[in-house]
Number of protein chains: 2
Amino acid sequence: MSLLHAVLGFAAIQPMTGYELGKAFSTTAAHFWPADQSQLYRTLHRAEADGLVDSTTVEQASRPDRRLYSILEPGRAALATWLASPLEPDTSREPFLLRLFFAASLGTAGVIALLDQRRSAAIELLTTLDSLAASAPPKLSKKALATQLQYATLESGRAHAHAEITWLDELRSQLTNPKESAQ
Amino acid sequence: MSLLHAVLGFAAIQPMTGYELGKAFSTTAAHFWPADQSQLYRTLHRAEADGLVDSTTVEQASRPDRRLYSILEPGRAALATWLASPLEPDTSREPFLLRLFFAASLGTAGVIALLDQRRSAAIELLTTLDSLAASAPPKLSKKALATQLQYATLESGRAHAHAEITWLDELRSQLTNPKESAQ
DNA sequence: ACGCCATATAGGACTTGTCCTATATTCGGG
DNA sequence: CCCGAATATAGGACAAGTCCTATATGGCGT
């Protein structure tokens, strides 16, 4: 349901085409909301059918025509309603934890290898987020608050990556010298 | 795809019915892998059709019959393959971050209210995890390593909840006294 | 010269998960 | 005495997302 709201959120900043929307996602929101290209276009079609946005075709020579989507009042209203609605409880899935949960048959050494894999991935994510933050942040909006919030989502990713690494390291040392497990 | 692996993981510890599987999920894995009851049974059917498990019907007087599922060799093999496969990159969705990203139109006060809502939810999650950890942990397995890993998934949840709270508090104070935003 | 990438949109097939309902019985609370 | 919860399994309808392919052209590298 939320891809629609994201689409409305972007369109509320300025009219965009599906292609630009895809770019916007991948450069600013990919780390917390990956958007499939097909799903994006379908969502745009549906939003238009529902009267939340409308589109104008911009003809181009030697390039496929662009469809520029603009948000309509019902779209703005839907966006505002979503922003004001109570937060739904988190039900995210964590494939890594699932794997760890059942990893006992790998033995201690195997589990440690798993933790190390995960640690590398977390480090990689950290550097990705750092470079995203360092590179000229694409200014989606002129509003200072919007820019601040955009940056905050990056900070969130970094905070969680750090927490993940710390947790991994603690677990690893717990498994490496199992003295304290015997309580 | 992974619910299947979770089912195999549980069935590898001991033969279980769909109902018991549901209980096992909700008491030990719900915080990182919610399992819908319907989906569970469907997954069991499919696993049996694929020859990964088999079932025997246990007749009961005055209760619906139970179908006890046992893992077969191909199931164990599939589980082992999954455990040994390379970690796929994380592509989890974070509805809260999406919302925050587009929340500028709420104004500073509105955003702070959003952060406070989120903070309460994180605190609540923490206490839930604490009580889960405190309550006699259902021993799924006799293996010490398995118990340790089961506990570690709870620790992970706590670590991330703490990180979330810290991040929220920092963001909140940044929004409250905006001196350092003017760099 | 050839292939790949960027631009731009779109549909089909499929998987996974969610929500709701159905069925049947027993036990405990108010 | 009635209502709901626990035990136990299952199907239908639907929503959302993933992956692959199609279409069309211009530019860049090798």
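Protein chains get the first letters and strands the later ones, always in sequence-line order, with residue 1 at the start of each. For the numbers below, each heavy atom of this structure counts, side chains included, while hydrogens, waters and symmetry mates do not.
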So, is B/Arg46 close to the C/dG17 phosphate, meaning a side-chain N or O under 4.0 Å from OP1 or OP2? no
So A/Phe101 and B/Phe32, would you call those rings parallel, tilted or perpendicular, with 30° and 60° as cut-offs? tilted
Whether the A/Ser55 and A/Arg67 side chains hold a donor-acceptor pair (N or O, under 3.5 Å, no angle test) is what I'd like checked. yes
Return the value, rounded to whole Å, for the distance between atom NE2 of A/His45 and atom C1' of C/dA10. 6 Å
Between B/Asp65 (CG) and C/dA24 (C1'), how many Å, whole number? 11 Å
Whole angstrom is fine here: how far is it from CG in A/Leu98 over to P in C/dG17? 10 Å
Between atom NZ in B/Lys23 and atom C1' in D/dT7, what is the gap in whole Å? 9 Å
In whole angstrom, what separates A/Leu3's CG from D/dT18's C1'? 13 Å
Whole angstrom value for the distance that separates P of C/dC5 from OH of A/Tyr19: 13 Å
With a cut-off of less than 4.0 Å, is there a side-chain N or O of B/Arg67 near OP1 or OP2 of D/dT7? no
With a 4.0 Å limit, can you tell me whether A/Tyr41 has a side-chain N or O closer than that to the phosphate oxygens OP1/OP2 of C/dT9? yes
Can you say whether a donor on the side chain of A/Arg42 sits under 3.5 Å from an acceptor on the base of C/dG12, or the other way round? yes
Taking for each residue the nucleotide of DNA chain D bearing the nearest heavy atom, is the 5' side occupied by A/Trp33 or by A/Gln37? A/Trp33
Among Ile, Leu, Val, Met, Phe, Trp and Tyr joined by side-chain contacts under 4.5 Å, find the other residues sharing a cluster with A/Ile165 and list them by chain and number. A/Ile123, A/Leu126
Heavy-atom count around B/Glu124 CD within 6.0 Å, excluding the residue itself: above 12? no
Protein-nucleotide distance (A/Leu68, atom CG; C/dT7, atom P), rounded to Å: 16 Å
Is there a side-chain polar atom (N or O) of A/Arg66 under 4.0 Å from OP1 or OP2 of C/dA8? yes
Heavy-atom check, side chain of A/Leu8 versus side chain of A/Ile71, under 4.5 Å: yes
Output the rounded distance in Å from CD (A/Gln39) to P (C/dT16). 16 Å
